[in-house]
Amino acid sequence: MPIIEVKNLSKTYEYYKKEPGFIQSLKGLFRREKLYAQAVSEINFSIEEGELVGFLGPNGAGKTTTLKMLSGILHPSGGEARVLGYVPWKRQAAYQKQFALIMGQKNQLWWDLPAMESFILNKEIYEIPDAEFGKNLDELVDLLGVREILSVPVRKLSLGQRMKCELIAALLHKPRVLFLDEPTIGLDVVAQKNIRDFIKRYNREKKTTIILTSHYMEDIKELCERVIIIDHSRILYDGKLAELINKYAAHKQLTVTFNDHGVSREQVERFGELAEFSPYKIVIRVERSKAKDAAAAILASELPVDDILIDEVEIDEVVRRIFKNTR
Amino acid sequence: MKKYWAIFKISWQRQLTYRLNLLMGRLRNIIVLLLLYYVWLSLTLTSGKFSSYSQIELFTYVFGANLLRSVIFGSQSRQTASEINDGTFSIYLLRPLNHFGAVFARELAERSLYLFFAVIETLVLAFLLGVKFAAPAPATLSPIILCVLLSLCLYFVLSYLVSMLAFWTREADGPRFLFEWLLEFSSGAYFPLDILRGLIFTALSCLPFFYLIYFPLSIYLGKIAHGRIWLGLGIETAWLALSLWLIYVVWRRGLKKFTGEGI
């Protein structure tokens with residue numbers, strides 16, 4: 001049975017039109033035009049226990065709005081959702097004790113105090129027994145390697161250290177469902193990898209169901225077997241990441257290297273669309289069905305071929321193309 | 001209940017982190033207190049009284065108001081508006097925690113700290129200035145304590161209600177300004193309201209603010225007949241109940257409007 005079920009979930013925001021300029025601002029005092037923005041439009045999906053699903057989409061696609069509805073912050077304009085059997089926006093304590101939302105762009109720790117104070121507060125809020133709190137805290141602190149910063153005020157921590165502490169604060173009550181909204185945003189590559197490794201391990205060991213949104217394709221590639229692509233408030237794709245390439249990448253990529261003599265652009269243009277060109281290395285895009293024939297033709301030609309590789313198009317490129325085609 | 005006690009403790013710690021802010025806030029209070037003291041001193045210099053108040057009663061009122069301001073007028077309920085606008089409010093919605101209760105715990109932490117400083121300020125200034133205070137009738141002590149506790153709750157609830165306008169508008173500062181202005185004037189924070197007399201006094205007595213500062217100090221000074229004390233406390237309780245009901249209604253509607261901006 002799915003742990004998260006979403007049926008025809010929609011959210012429309014209301015706002016007022018604001019024309020630029022002083023005169024328009026004055027006019028706005030007397031008459032304002034109400035506008036509506038469809039943030040999420042009748043989306044459907046379900047997620048099984050223990051899955052780690054990536055939510056992909058450009059800014060404003062509706063990813064965060066969906067997470068806000070699933071965590072009970074927002075009331076939807078229409079549709080239904082159940083997480084662990086609960087309607088999220090009823091905000092029952094029994095549900096709140098079983099999930100956590102981590103926002104990369106929003107600090108949930110007490111800014112002026114050491115992170116340890118926020119952990120102790122969360123212990124009381126989630127009514128975690130003393131022994132369980134001690135055990136969970138030790139485990140998480142060791143896993144993330146933050147023991148020495150627990151008594152440093154949060155405002156003095158680096159972004160990476162803060163995110164580790166955010167993770168601890170959110171996981172102390174052992175949530176069964178975890179919503180991660182851009183957890184690696186703004187982090188350097190090393191910190192990004194640390195957080196990614198932790199999420200991967202935590203999901204594997206604890207069987208926690210995770211929905212992850214990220215702008216970094218590395219996060220998605222590394223962590224998510226399944227992705228849900230959302231754009232313009234609608235779901236464009238829901239399935240395995242690997243199958244996304246087969247479905248949306250109509251082309252394959254041939255990378256050909258040449259020996260010392262090199263080649264000219266005119267000599268190689270006939271084999272396919274040139275994505276990269278230098279006299280010693282080219283990347284050409286060819287239709288999937290014609291990839292083998294094109295490779296054979298290049299090898300059979302008079303060109304001084306040193307090596308040839310047939311690759312799938314990078315997943316980043318596929319996603320970029322999907323978003324581009326929907327604009 | 002333990003979770004709110006934990007919030008109380010952590011709020012105390014945070015208040016003490018910003019010692020300079022705390023000291024500056026107290027300095028402002030001392031300046032206002034000195035100002036009011038010298039105004040009333042000059043007004044009562046020749047006759048020893050003003051309106052129906054003797055000099056001792058007026059000084060008791062001014063110093064008493066300083067104490068009550070510190071206990072009653074909090075800032076945490078005020079912050080709710082910015083919390084709604086900047087998304088911090090969402091953090092409370094995610095947890096098994098009542099936002100109203102959490103902010104009240106923060107408010108109590110702040111008020112208890114401010115009361116501590118206000119008592120010291122009042123005693124030191126009274127000693128330095130040689131001010132003598134009127135003593136209350138022993139029978140009025142319990143109604144005074146009850147009234148102060150009700151005033152603390154009533155101010156918090158009214159202020160929280162005003163902050164909840166932020167669910168509908170990002171411009172909650174305008175109504176807040178009006179609220180603060182009305183509050184300062186009509187609660188009797190600067191002078192005993194019955195000095196005004198006539199229609200203005202009657203109008204002010206119809207507002208909930210009337211019960212915040214003026215009413216408990218009038219009980220203390222014996223200006224209110226015993227029977228009317230309990231009637232006043234009943235009216236104050238009714239204002240509190242009405243405001244709490246309004247919060248319940250506004251909260252339910254507001255949450256449906258809440259867009260979780262800032263996250």
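Just so it is clear, the structure is predicted and the values come from calculations on it, not from any experiment. Note: hydrogens, waters and symmetry copies are ignored here, and every other heavy atom, side chains too, is used. First the proteins, then the strands, lettered A, B, ... as listed; each starts at 1.
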Turns out that what part of A:Glu182 lies under 4.5 Å from chain B's heavy atoms comes down to neither
task: Look only at the side chain of A:Glu127 and the backbone of B:Lys2, and say whether a donor-acceptor pair between them is shorter than 3.5 Å.
output: no
dist A:Leu121:CG -> B:Gln13:CD (nearest 0.5 Å) comes out at 10.0 Å
What one should report as the nearest heavy-atom pair of B:Arg14 and A:Asp112 is CD-OD2, 3.0 Å
Test item: B:Leu97 and A:Glu124 side chains (from C-beta on) under 4.5 Å apart, heavy atoms | no
dist B:Ile91:CD1 -> A:Leu101:CG (nearest 0.5 Å) comes out at 9.5 Å
| message | Quick check: do B:Thr88 and A:Gln108 have side-chain heavy atoms less than 4.5 Å from each other? | response | no
Distance col, row B:Phe258:CZ vs A:Lys68:NZ, nearest 0.5 angstrom, shows 7.5 Å
- Message: Do B:Leu93 and A:Arg91 have side chains that approach each other closer than 4.5 Å (heavy atoms only, starting at C-beta)?
- Response: yes
Heavy-atom neighbours of B:Arg253 CZ exceed 12 at 6.0 Å: no
So, the part of A:Tyr95 with a heavy atom under 4.5 Å from chain B: the answer is neither
Closest non-hydrogen contact found for A:Gln96 with B:Pro96 is OE1-CA, 3.3 Å
In this structure, CG of A:Leu74 is separated from OG of B:Ser90 (nearest 0.5 Å) by 7.5 Å
Query raised in the report: Does the side chain to side chain contact (heavy atoms under 4.5 Å, CB included) test come out yes or no for B:Leu94 and A:Phe99, once each step is laid out?
Result: CA-CA 9 Å; B:Leu94 298 170; A:Phe99 85 91; 4.0 Å; yes
Check your understanding: Is it true that atom CZ of B:Arg26 has more than 12 heavy atoms of other residues, nucleotides or ligands lying nearer than 6.0 Å?
Key -> yes
*Are side-chain heavy atoms of B:Arg95 and A:Asn122 found at a separation under 4.5 Å?*
yes
Rounded to the nearest 0.5 Å, the CG atom of A:Leu113 sits from the OG1 atom of B:Thr17 at a distance of 5.0 Å
Check: Is there side-chain contact between B:Lys257 and A:His75, with at least one heavy-atom pair below 4.5 Å?
Finding: no
Value for NZ (B:Lys3) from OH (A:Tyr126), rounded to nearest 0.5 Å, stands at 9.5 Å
> Taking side chain as C-beta onward, heavy atoms only, is B:Phe89 less than 4.5 Å from A:Ile73?
Replying inline: no
Within a 6.0 Å radius of atom CG on B:Leu34, are there more than 12 heavy atoms belonging to other residues, nucleotides or ligands? yes
